[in-house]
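This one's a predicted model, so the numbers in the text were calculated from it and none came from an experiment.
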Amino acid sequence: MKAIRRVLSLAAAAALILALGTGTLASGEASGGASGPASLNWEQSAALSRQNAAIWQDGGGASYADERIVSKENDFTAVFAEGGSLSLDRSVIFTSGREAQSPNSTMHFADANFYGTAAAVLVGTGGSLTLSDDLIVTTGEGANGVFSYGGGITMTDTVVECYGNENAHGIDAVQGGTIYGVGIDVYTSGINSGAAATDTGGGIIELVDSALAARMAPGVYVDGDGKASLTNTTVTVGFDRDGNAVDWAYVTNDGRDGVSDETKQNTAEGLVLTGNAVITAMDTDVIAPCGVKFHSQSATSQVGVLTMTGGSLTSTACDVIYVTGANGSGVLDGVTCSPAEGRYLIRVCNLVPANLAEPGVGAKICAATGDFTLKNGVYTGDVWALNAVEEETWGAQLDGAGRYDNSLVLTVENAEWAGAAIHVSELTLSKNAVWAVTGDSDIGSLTVGAGCAVELPVGAVVTINGAAADALAAGTYENVCVTLA
């Protein structure tokens, strides 16, 4: 499995600024650029980038090699392939500017992140870019490393490092944009700064033999109907460059999560899916405070889909799979799963503050649902779908949050699973599956296939529809409860 290349520290990035100076190609001084609208769309954003980019390509083809490309301006990008084809080989691309938040800024902070205006490299619809053996570094807030807005990007043996405190993704593809990478390494250090992202949906990211690392944000964040495919790739979240675990407490005072001037826990995830996001992974290792999170803020029928074959999911502080206020489904096939101590293999709940719920609906959003299959391996850990009473207890601090009975459907196929099934709607054992019951369990419908087994500890009490039962042989049962002695 590929390990992340340790290229720079923040101090080294600062030294790089001084060493490069204005570089062989420079986009100007750190003046903030020409004034523009308070908020913008893609056309307005592209106009700003077109005006000030160190390299702008719009039609035809061009190639650069062994270049030092530096942008010091706020709100602008160093390289903009708006159309045509562009290639950069063995080059250093550096931006020290940020998306400025002052009253005189050319745009609002939230907009730049969505359009890639402060990114080191930006590709628009109709443009294509090839990066080979390059080093790409950004240090500003809102400054993505590589951003595709409807264009196509191919990367090989390239390192991307983003040191902005917030909203600085490593690679980001949106609105039909694609990023294909082989042998790439991506590192981000800030919050809300995923190593790989489809931040506003519609993007496709495909990585092979690569390494993603995020210190304070998801390793892979797929939004809307975006897609990500990972093969033989490592995703590491929650560690600094020396491999030390990050303290996840940080202070927020913006009130956007209902908390003001208080310490909040920032639980970053290895993989995040929202809406109809799709993530496919093969022989990929993920280590993060929370392995996988399905998340939504609206009452819709959208379902995120995760498929993992081989590899591992290791959670250092939370659950392996966490579905919250969303609909999630997935298949884990031969995946090694390790939840943090006292946490869950799968947890489904709906704890969403009113101010994050769907506009006009308040906190009355849909219950969370999960539908997962565990195949071909050995899995350990409890699964739990919180009911409304438990959500009231867990979410008491979130005034106005919706409380619902959540749903979890679980299939265990040709696998061994040891754990408790807490408030599980449906549990199916098939193809010689074995369930070793390790805790009190309650299941709406249990199907035990031929050749499958339910292993009960000594003294366990089983009831089916309220009536005592001695065992759970092959068959289908309703309202099953198992109570350990």
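Between M308 and L313 there is a side-chain heavy-atom pair separated by less than 4.5 Å. Put simply, the side chain of L129 does not reach to within 4.5 Å of the side chain of L122, judged on heavy atoms. Put simply, the side chain of T233 does not reach to within 4.5 Å of the side chain of V208, judged on heavy atoms. You'll find the side chain of T316 reaches within 4.5 Å of the side chain of F239, heavy atoms only. Two residues are said to be in side-chain contact when any heavy atoms from C-beta on lie closer than 4.5 Å; L306 and V292 meet this criterion. At a threshold of 4.5 Å between non-hydrogen side-chain atoms, the residues F94 and I69 do not count as touching. By the 4.5 Å heavy-atom criterion applied to side chains, I321 and L332 are counted as neighbours. Residues I136 and T158 form a side-chain contact, since some pair of their non-hydrogen atoms from C-beta on lies under 4.5 Å apart.
The two residues S210 and G183 come nearest to each other via the heavy atoms OG-N, 3.4 Å. Nearest heavy atoms, L88 versus D134: O-OD2, 2.7 Å. Across L86 and V79, no two heavy atoms sit closer than the pair CD2-CG1, 3.5 Å. Across V237 and E269, no two heavy atoms sit closer than the pair CG2-O, 3.7 Å. Of all heavy-atom pairs spanning K227 and V222, the tightest one is N-CG1, 3.7 Å. Of all heavy-atom pairs between L374 and L345, the closest is CD1-CD2, 3.9 Å.
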### Query
Could you walk me through whether V305 and L273 pass the side chain to side chain contact (heavy atoms under 4.5 Å, CB included) check?
CA-CA 8 Å; V305 179; L273 301 89; 5.6 Å; no
### Task
Assess whether side chain to side chain contact (heavy atoms under 4.5 Å, CB included) is satisfied between Y322 and S315, documenting all intermediate values.
CA-CA 11 Å; Y322 177 40; S315 297; over 6 Å; no
### Query
Stepwise, does the side chain to side chain contact (heavy atoms under 4.5 Å, CB included) test hold for W56 with E82?
CA-CA 7 Å; W56 171 54; E82 187 172 6; 2.9 Å; yes
### Task
Applying side-chain hydrogen bond (donor to acceptor under 3.5 Å, both in side chains), run through S128 and S85 and close with a yes or a no.
CA-CA 5 Å; S128 67; S85 62; 4.7 Å; no
### Task
Apply side chain to side chain contact (heavy atoms under 4.5 Å, CB included) to V146 and L131, showing your working.
CA-CA 10 Å; V146 176; L131 300 170; 4.1 Å; yes
### Message
With salt bridge (Lys or Arg N to Asp or Glu O under 4.0 Å) as the criterion, how do D133 and R90 come out once you've worked through the C-alpha distance, each side chain's angles and the decisive distance to 0.1 Å?
### Response
CA-CA 5 Å; D133 198 22; R90 303 182 306 278; 5.8 Å; no
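Between the side chain of S132 and the backbone N or O of D157, no donor-acceptor pair lies under 3.5 Å. Under the 3.5 Å distance criterion, the side-chain polar atoms of D225 are matched with a main-chain donor or acceptor of G202. With hydrogens and angles ignored, the 3.5 Å screen pairs a side-chain donor or acceptor of D172 with a backbone N or O of D199. Without hydrogens or angle criteria, S407 side chain to T369 main chain gives no donor-acceptor distance under 3.5 Å. Between the N406 side chain and the L386 main chain, a donor and an acceptor come within less than 3.5 Å of each other. In terms of modelled atom types and a separation under 3.5 Å, the side chain of T411 and the main chain of T373 share no donor-acceptor contact. Judged purely by atom type and a 3.5 angstrom limit, N144 uses its side chain to pair as donor or acceptor with the backbone of H169. The backbone N or O of A168 sits less than 3.5 Å from a side-chain atom of S193, completing a donor-acceptor pair. Panel note: side chain T138, backbone C162; no donor-acceptor pair is recorded below 3.5 Å. Not one N or O on the side chain of E161 forms a donor-acceptor pair closer than 3.5 Å with the backbone of Y163.
In summary, the side chains of S96 and T139 do not present any donor paired with an acceptor at a separation below 3.5 Å, with no hydrogens or angles considered. N232 and D283 are not linked by any side-chain donor-acceptor pair at a separation below 3.5 angstrom, with hydrogens and angles left out of the test.
Between atom CG of residue D285 and atom CG of residue L230 there is a gap of 11.0 Å, rounded to the nearest 0.5 Å. In this structure, CG on L135 lies 13.0 Å from CZ on R68, to the nearest 0.5 angstrom. Residue R215 holds its CZ atom at 7.0 Å from OG of S189, rounded to the nearest 0.5 Å. Here the straight-line distance linking atom OG1 of T188 with atom CG of N167 works out to 11.0 Å at 0.5 Å rounding. Once rounded to the nearest 0.5 Å, the distance linking CE of M282 with OG1 of T280 reads 9.0 Å. Distance check, rounded to the nearest 0.5 Å: CD of E166 to CD of E141 gives 6.0 Å.
Residues satisfying the side chain to side chain contact (heavy atoms under 4.5 Å, CB included) criterion with T274, sequence neighbours excluded, are Y221, D223, V272, H295. In this structure F372 satisfies the ring-ring contact (aromatic ring centres under 6.0 Å, His included) test together with F294, sequence neighbours excluded.
None of V320, L408, V348, D319 except one satisfies the side chain to side chain contact (heavy atoms under 4.5 Å, CB included) rule with V383; the exception is L408. Exactly one residue among V220, V121, I184 makes a side chain to side chain contact (heavy atoms under 4.5 Å, CB included) with I171. That residue is I184.
Between Y379 and W417, the ring center distance fails the sub-6.0 Å criterion.
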